[in-house]
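Only this structure's heavy atoms are used, side chains among them; waters, hydrogens and symmetry mates stay out.
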Amino acid sequence: ARYQLAFLLLLLDELRVPPGRCALFDPAFSAREAAALRALGLCLLPENEEGKRGIEGAATLFYMVHCGKALYNNLLWSNWSPAALSKLVIIGNSFRGIEERLLSRILERDYSYIAKVLKGVEEVALPSHPRYLDTFNDTSVHWFPLDKLQELSPEVWEFMEEPMYQDCDDLEIIRKGE
């Protein structure tokens, strides 16, 4: 977690993003961790959004290293249009890796937004480093070129049902209210 935070702080500095414009949430943050993050000038979200955060029209980077698949799926659902997705960048678990590790019927049933956007995403893996293999393994930068998104069939964009995960056996997120 320390290395992931250090990387985030370096990334904010490199991109010239003030720490106060960086919103964080993890239901596992202790009071001490939350205080330390606030002391660094970072903004903590007051409640668990389960990854359902829209970009609100502005280009937005989501730093989601080692998050559960449902968080990525929820984020995609919250921004489900070519216009919104084309302004979104995700640093997080490899979507290709998710596709490779899950049976296609499970991917399509439980994480349908990830499944539907696979042909509209560009992905580049972070370089591996022997010292940080468990810190950033399976981490990629994802972006959604507008031209690729527009090539997807119109039916892809029509289905916008909120993900519920009733049949999901191994939901890897903490739900709101848990």
Side chain proximity check, L12 to Y63, heavy atoms < 4.5 angstrom: no

Under 3.5 Å: donor-acceptor pair, side chain of T60, backbone of A58: yes

Side-chain (E123) to main-chain (F95) donor-acceptor, under 3.5 angstrom: yes

Joint hydrophobic cluster, L15 plus F136, side-chain heavy atoms closer than 4.5 Å: yes

Same cluster (ILVMFWY, side-chain, under 4.5 Å), I106 and M164: no

Any donor-acceptor N/O pair, R96 side chain to L118 backbone, under 3.5 Å: yes

Smallest separation among heavy atoms of L40 and P19, with atom names: O-CB, 3.7 Å

H142 side-chain N/O to I90 backbone N/O, donor-acceptor pair under 3.5 Å: yes

Check: N93 side chain, T139 main-chain N or O, donor-acceptor pair, under 3.5 Å: no

Interatomic spacing from CD in E47 to CD in E50 - rounded to 0.5 Å: 10.0 Å

Under 3.5 Å donor-acceptor, E99 side chain and A115 backbone: no

Exam field: side chain W80 to backbone V156, donor-acceptor pair closer than 3.5 Å: yes

Test side chain to side chain contact (heavy atoms under 4.5 Å, CB included) applied to L102 and K69, step by step: CA-CA 11 Å; L102 278 181; K69 294 178 284 294; 3.7 Å; yes

Minimal non-hydrogen separation, C43 against G20, with atom names: CB-O, 3.8 Å

Whether K87 side chain and G57 backbone form a donor-acceptor pair below 3.5 Å: yes

hydrophobic_cluster_shared for L75 and F25, side chain cutoff 4.5 Å: no

Short side-chain to backbone donor-acceptor contact, N79 and L88, under 3.5 Å: no

Modelled atom types, side-chain donor and acceptor of Y165 and N73, under 3.5 Å: yes

Atom CD of E162: over 12 foreign heavy atoms under 6.0 Å: yes

Heavy-atom side-chain contact between E122 and P145 under 4.5 Å: yes

Full working for side chain to side chain contact (heavy atoms under 4.5 Å, CB included) between K119 and K148: CA-CA 7 Å; K119 290 183 180 156; K148 285 186 85 166; over 6 Å; no

Inter-residue atom distance S94.OG - N137.CG, 0.5 Å rounding: 11.0 Å

E155 atom CD: more than 12 heavy-atom contacts under 6.0 Å: yes

Gap between atom CG of L45 and atom CZ of F29 - 0.5 Å precision: 9.5 Å

Inter-residue atom distance E33.CD - L24.CG, 0.5 Å rounding: 11.5 Å

Full working for side chain to side chain contact (heavy atoms under 4.5 Å, CB included) between V117 and L149: CA-CA 8 Å; V117 84; L149 295 171; 4.0 Å; yes

Donor-acceptor contact present, side-chain W143 to main-chain S86, <3.5 Å: no

Cluster check F159, L107: I/L/V/M/F/W/Y, side chain < 4.5 angstrom: yes

D110 with R105: basic N within carboxylate O range, under 4.0 Å: no

L8 CG to D13 CG distance, which is reported to the nearest 0.5 Å: 11.0 Å

Contact summary for G51 and L71, nearest pair of heavy atoms: N-CD2, 3.5 Å

4.5 Å side-chain heavy-atom contact, M64 and I91: no

Candidate pair W157 and L152, rule side chain to side chain contact (heavy atoms under 4.5 Å, CB included), full reasoning: CA-CA 8 Å; W157 305 108; L152 299 178; 3.7 Å; yes

Pair K116 + E108: basic N to acidic O under 4.0 Å: no

ILVMFWY network linking V141 to L10, side-chain heavy atoms under 4.5 angstrom: no

Y111 and Y72 aromatic centres sub-6.0 Å: no

Note, L5 side chain near L42 side chain (heavy atom, < 4.5 Å): yes

Interatomic distance, R53 atom CZ to E56 atom CD [nearest 0.5 angstrom]: 6.5 Å

